[in-house]
There are 2 protein chains.
Amino acid sequence: MTPKKDVTIYDIARQLNISTSTVSRALQDHPAVNKLTKKKVFKTAGEIGYQYNTFAGSLRKKSTSTIGVIVHELNSNFITSVLAGIEKVTSEAGYDIIIAHSSESYTKEAANAVNLFHKRVDGLIASLAFDTKNLDHYQPFHKKGIPIVFFDRVEPTDNSTVVVIDNFKCGYQATKHLIDQGCKRIAHITASLNRNVYAQRYQGYKKALSEHNLPFEKKQVIINDLSEEAARNAAYQLLQCTQIPDGVFITNDFTAAVFIQTLKENGIVVPDDIAIVGFNNDAISKLIEPKITTFNYPGIEMGEIAARQVVAHLKGEQNLQLTNTIIIRSDLIIRESSLKKHTPLSIVGT
Amino acid sequence: MTPKKDVTIYDIARQLNISTSTVSRALQDHPAVNKLTKKKVFKTAGEIGYQYNTFAGSLRKKSTSTIGVIVHELNSNFITSVLAGIEKVTSEAGYDIIIAHSSESYTKEAANAVNLFHKRVDGLIASLAFDTKNLDHYQPFHKKGIPIVFFDRVEPTDNSTVVVIDNFKCGYQATKHLIDQGCKRIAHITASLNRNVYAQRYQGYKKALSEHNLPFEKKQVIINDLSEEAARNAAYQLLQCTQIPDGVFITNDFTAAVFIQTLKENGIVVPDDIAIVGFNNDAISKLIEPKITTFNYPGIEMGEIAARQVVAHLKGEQNLQLTNTIIIRSDLIIRESSLKKHTPLSIVGT
DNA sequence: GAAATTTACGCAACCGATTGCAATTATGAC
DNA sequence: GTCATAATTGCAATCGGTTGCGTAAATTTC
């Protein structure tokens with residue numbers, strides 16, 4: 001609308017009777033500029049209200065000092081922690097970040113990728129949506145040599161680093177824990193097995209069952225979108241089985257919370273009738289009754305590590321081309337929802 | 001790192017033996033370009049992998065088709081809904097958005113403002129942090145005529161539109177509701193009264209008390225950061241009063257949930273001993289026991305309206321200069337946490 | 001005090017798209 | 001076939017920094 005003319009380095013140069021080169025260099029604190037000159041430049045810059053023009057700079061430099069971040073959602077503690085971790089590292093290294101979220105939609109994820117590519121981010125950190133099955137939309141980045149690090153929701157790739165937790169192990173641990181509590185019929189509620197995190201937890205679940213000679217039944221595995229409605233439906237579905245399960249491993253705390261609520265509404269006692277293990281260590285897991293046994297998801301750490309990888313690559317300290325997988329520790333946090341009566345309370349965490 | 005040369009409109013022009021002007025116009029689907037030429041341009045553009053260079057374009061056009069959004073946090077349903085609303089409207093109007101969050105810190109909010117200003121957003125939508133007391137960091141936007149719309153967390157201003165709910169009324173309603181339930185000693189847990197939303201709810205609370213001849217006591221008002229720890233401390237503090245309250249209005253559902261949990265741990269029965277009203281209608285409000293009476297916060301609507309204001313201004317359809325306040329409807333959702341025994345269940349919502 | 005360095009600064013060519021205005025070509029009217 | 005009008009296209013300046021290279025001035029060296 002208002003085409004107010006901007007204050008540029010030309011204005012500073014004119015005012016001080018020096019060249020724009022010197023002004024530009026002074027503004028960058030370049031060593032080849034006299035200290036006095038720098039001082040004068042900064043002074044008049046402030047006086048006449050100079051503002052750096054990112055476009056001119058980026059256009060010339062072909063770099064933006066900006067790192068793009070694509071996440072699959074925003075409203076979870078996990079993601080917020082990751083973002084905090086990323087921000088910490090990137091800002092210390094002098095990079096800005098642009099956050100885009102896909103709301104678990106492949107289409108939006110792809111659109112975001114295109115957009116960030118156009119915005120010429122210097123690097124990318126991403127977590128895939130539920131239904132993202134291929135990584136084609138990231139090809140332009142690879143072609144241009146822009147480093148990408150995937151975290152949490154990843155896909156096998158030849159040219160990027162991935163930062164994850166050991167989902168297989170978590171799935172195994174969760175199930176093993178339920179078995180240790182005496183559960184014989186353990187169900188599993190999760191999301192699309194196309195997504196690595198769910199696929200691997202599922203494998204871990206199966207492994208634990210078979211290792212302990214418990215039957216694996218298709219009916220006991222419910223795959224949905226982990227929404228509130230899905231959680232309720234899952235509960236009703238399981239309650240209608242001839243043999244209702246005595247343990248359920250649910251890959252999301254919110255879903256687990258709704259599930260538990262639905263059970264309670266139907267007179268089922270958790271954990272005595274059905275023991276529950278959730279996932280993510282969301283705030284809600286400690287607030288509902290019973291408190292949910294879950295897995296701690298080290299968000300900040302994941303964010304920091306992912307960001308550090310990208311930054312290291314950009315600064316030329318390290319090359320990401322070599323495929324690289326970083327696995328971060330995650331822990332089972334045992335709370336009330338999975339502890340059958342006989343267990344001594346002393347081992348209950350908070 | 002890798003200074004691969006970009007494909008530009010010059011490459012297309014050379015290939016087709018036409019001028020860059022024509023290519024540029026063809027790419028924009030300008031009417032003054034022959035249809036056949038356009039077709040050829042798009043074809044070769046695709047073939048040689050042309051990518052629009054945002055910087056060159058923005059530098060020349062002095063506009064970015066991007067709207068900045070500054071929020072005070074990310075992990076709440078409310079904010080996520082607002083973002084969804086904003087995204088819907090802006091993307092339909094052909095604008096991108098850049099999301100920045102301040103984590104309730106004034107310093108980060110100001111830094112984000114500077115950053116978005118440098119990124120030359122065409123418009124700004126913002127919600128203030130807890131401790132933001134002045135709007136100086138938005139001056140550069142005003143000076144350049146960049147429209148700003150504040151939502152929810154706002155500050156009186158002469159040159160921006162604000163989109164809010166009637167917080168005074170909510171505070172009044174919440175308190176009135178508790179009074180109707182028979183509460184005589186109503187406490188209030190909230191955050192910094194510098195922030196409009198809390199200040200106004202507080203005023204509403206006071207008004208309701210005085211209107212019903214209930215004493216207002218400083219001790220009954222606890223101001224903190226609404227964190228988990230703060231919620232617990234508040235609970236202990238109130239329990240130590242000689243006369244513990246029989247109703248509490250808490251301006252945040254998460255805080256209310258922790259507060260209720262702490263009460264229960266100490267043998268207090270909600271709502272019978274103490275009735276509770278929360279705020280925001282977060283997912284958690286329906287999942288804990290008892291379900292929390294709260295206020296619905298129309299996030300999507302707020303986002304849409306805020307975005308529409310900015311877009312309308314940018315398209316020249318409307319001027320935001322004239323101060324403008326838009327108030328959105330919000331509703332008290334009555335659930336178990338505030339309903340004293342005698343109340344007929346039939347009016348209980350879900 | 002002349003030669004060798006070092007320190008500061010300026011020149012001018014970019015980066016890639018946009019756009020007012022002029023020029024050329026095509027189409028239509030008579 | 002001529003002239004007016006409309007449809008296309010090109011010229012060239014512009015947006016605001018950046019940076020390799022060259023040069024003048026200041027400092028050091030012997």
Side-chain angles (χ1 to χ4, degrees), chain A residues 1-42 44-45 48-66 94 117-120 122 144, chain B residues 1-42 44-45 48-66 94 117-120 122 144:
Chain A
M1 291 289 89
T2 356
K4 300 250 175 71
K5 54 268 160 203
D6 280 320
V7 178
T8 74
I9 57 170
Y10 290 88
D11 299 316
I12 302 179
R14 196 176 321 116
Q15 191 119 156
L16 258 39
N17 240 316
I18 56 181
S19 74
T20 59
S21 331
T22 303
V23 175
S24 173
R25 282 191 267 255
L27 256 16
Q28 301 174 61
D29 201 23
H30 191 80
V33 173
N34 190 296
K35 285 190 182 160
L36 186 71
T37 313
K38 279 183 194 168
K39 204 160 271 174
K40 282 193 284 188
V41 167
F42 278 107
T44 53
I48 64 181
Y50 167 76
Q51 293 283 350
Y52 180 79
N53 185 316
T54 323
F55 303 130
S58 299
L59 174 58
R60 183 60 231 245
K61 285 188 303 188
K62 286 175 164 293
S63 117
T64 55
S65 294
T66 298
F117 185 76
H118 277 160
K119 286 204 162 54
R120 296 286 204 281
D122 290 346
K144 269 191 68 180
Chain B
M1 291 287 91
T2 357
K4 302 249 174 69
K5 54 266 159 204
D6 280 321
V7 177
T8 73
I9 57 171
Y10 290 86
D11 299 315
I12 302 179
R14 199 175 321 118
Q15 191 118 156
L16 260 39
N17 241 316
I18 57 180
S19 75
T20 59
S21 328
T22 304
V23 175
S24 173
R25 281 191 269 254
L27 256 16
Q28 300 174 62
D29 200 26
H30 191 83
V33 173
N34 189 296
K35 283 191 182 160
L36 187 69
T37 313
K38 279 183 195 168
K39 205 160 270 175
K40 284 194 283 187
V41 167
F42 277 107
T44 52
I48 64 179
Y50 167 76
Q51 292 282 352
Y52 181 79
N53 186 315
T54 323
F55 303 131
S58 298
L59 174 58
R60 182 60 231 248
K61 287 188 302 190
K62 284 173 166 295
S63 116
T64 55
S65 294
T66 298
F117 185 75
H118 277 160
K119 286 202 161 50
R120 296 287 206 279
D122 290 346
K144 268 192 71 180

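So that the names make sense, note that chain A is the first sequence line, chain B the second, and so on, each numbered from 1. No experiment lies behind these values; they were computed from the predicted model shown. Any value given below was found using the heavy atoms of this structure, including those in side chains, with hydrogens, waters and symmetry copies removed.
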Shortest non-hydrogen contact from R120(B) toward T64(B): O-OG1, 2.7 Å

Length of the line joining D29(B):CG and dT18(C):C1', which is rounded to integer Å: 16 Å

Value in whole Å for how far the P atom of dC15(D) lies from OH of Y52(A): 17 Å

Short side-chain N/O contact to dG17(D) OP1/OP2 from Y50(A), under 4.0 Å: yes

For S65(A) against G94(A), the heavy-atom pair lying closest together: CB-O, 4.0 Å

Given dT18(C), dG10(C), dT18(D), the nucleotide with the shortest approach to the side chain of I9(B): dT18(C)

Rounded distance in Å - CG (L27(B)) to P (dG16(C)): 15 Å

Nearest-angstrom distance from the residue atom CG of L16(B) to C1' of dT9(D): 13 Å

Shortest non-hydrogen separation from T66(A) to K119(B) and the atoms involved: OG1-NZ, 3.9 Å

Sugar-phosphate, base or nothing in reach of Y10(B), heavy atoms under 4.0 Å: base

Separation of atom CG in L36(B) from atom P in dA26(C), rounded to whole Å: 13 Å

Between dT8(D) (C1') and N17(B) (CG): distance, integer Å: 16 Å

Which residue lies more 5' along DNA chain D, comparing R60(B) with H30(B) via nearest heavy atoms: H30(B)

Donor-acceptor contact below 3.5 Å, side chain T44(A) vs main chain V41(A): yes

Base dG10(C) paired with R25(A) side chain (donor-acceptor, <3.5 Å): yes

Side chain of A56(B) - closest among dT19(D), dG10(D), dA17(C): dA17(C)

Sugar-phosphate only, base, or nothing, as touched by T37(B) at under 4.0 Å among non-hydrogen atoms: sugar-phosphate

Any Y50(A) side-chain heavy atom under 4.5 Å of I12(A) side chain: yes

Residue-phosphate contact under 4.0 Å: K62(A) side-chain N/O, dG16(C) OP1/OP2: yes

Sugar-phosphate, base or nothing in reach of S21(B), heavy atoms under 4.0 Å: base

Distance test, side-chain N/O of K35(B) to OP1/OP2 of dA7(D), below 4.0 Å: no

S19(A) side chain near dG10(C) phosphate (N/O to OP1/OP2, under 4.0 Å): yes

Whole-Å gap separating P (dA17(C)) and CZ (F55(A)): 15 Å

Sugar-phosphate only, base, or nothing, as touched by I18(A) at under 4.0 Å among non-hydrogen atoms: sugar-phosphate

Phosphate-side-chain proximity, Q28(A) and dT19(D), N/O vs OP1/OP2 below 4.0 Å: yes

Shortest non-hydrogen contact from Y52(A) toward G57(A): OH-CA, 3.4 Å

For atom CG of N34(A) and atom P of dG10(C), their distance in whole Å: 11 Å

